[in-house]
Amino acid sequence: AERGRRRQAIAEAERETAEAGWALEAAEKTEREQERVVQRLKEQLADARQRLADAQLDAREAATAQRHALKVLGRLRK
């Protein structure tokens, strides 16, 4: 009886070990996938920040050109 319980406990521990191994593999796979997602998002964020900086520069240049044109127009109307 004792030997049977011991064999059963060993079998249960082996099953739990195998299940934990499968869970670990699945978790590691998910972790790697999420790391790739994060890397892609970081790259997209960097691209978006660059586009924002470019748009801000364009807006400043356009505002400067508008102010200059308004000054010229104001002088011409005098």
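These numbers come from a predicted model, not from an experiment.
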note = NZ of Lys42 to CD of Glu35, rounded to nearest 0.5 Å, is 9.5 Å

query = According to the salt bridge (charged side-chain N to carboxylate O under 4.0 Å, His left out) rule, which pairs have a member within residues 43-65, sequence neighbours left out?
reply = none

Got a sec, which hydrophobics cluster with [X], joining ILVMFWY side chains under 4.5 Å apart, including via others?
| X | result |
| --- | --- |
| Leu24 | none |
| Leu52 | none |
| Leu73 | none |

key: Partners passing salt bridge (charged side-chain N to carboxylate O under 4.0 Å, His left out) against Glu2 (at least two apart in sequence or in another chain)   = Arg5

inquiry  = According to side-chain hydrogen bond (donor to acceptor under 3.5 Å, both in side chains), does anything in residues 67-78 pair up with another residue at least two apart or in another chain? List the pairs.
reply    = Thr64-Arg67

query = Could you give all pairs that pass the side-chain hydrogen bond (donor to acceptor under 3.5 Å, both in side chains) test and reach residues 7-21, with sequence neighbours left out?
reply = Glu12-Arg15, Arg15-Glu19

Arg3 atom CZ: more than 12 heavy-atom contacts under 6.0 Å = no

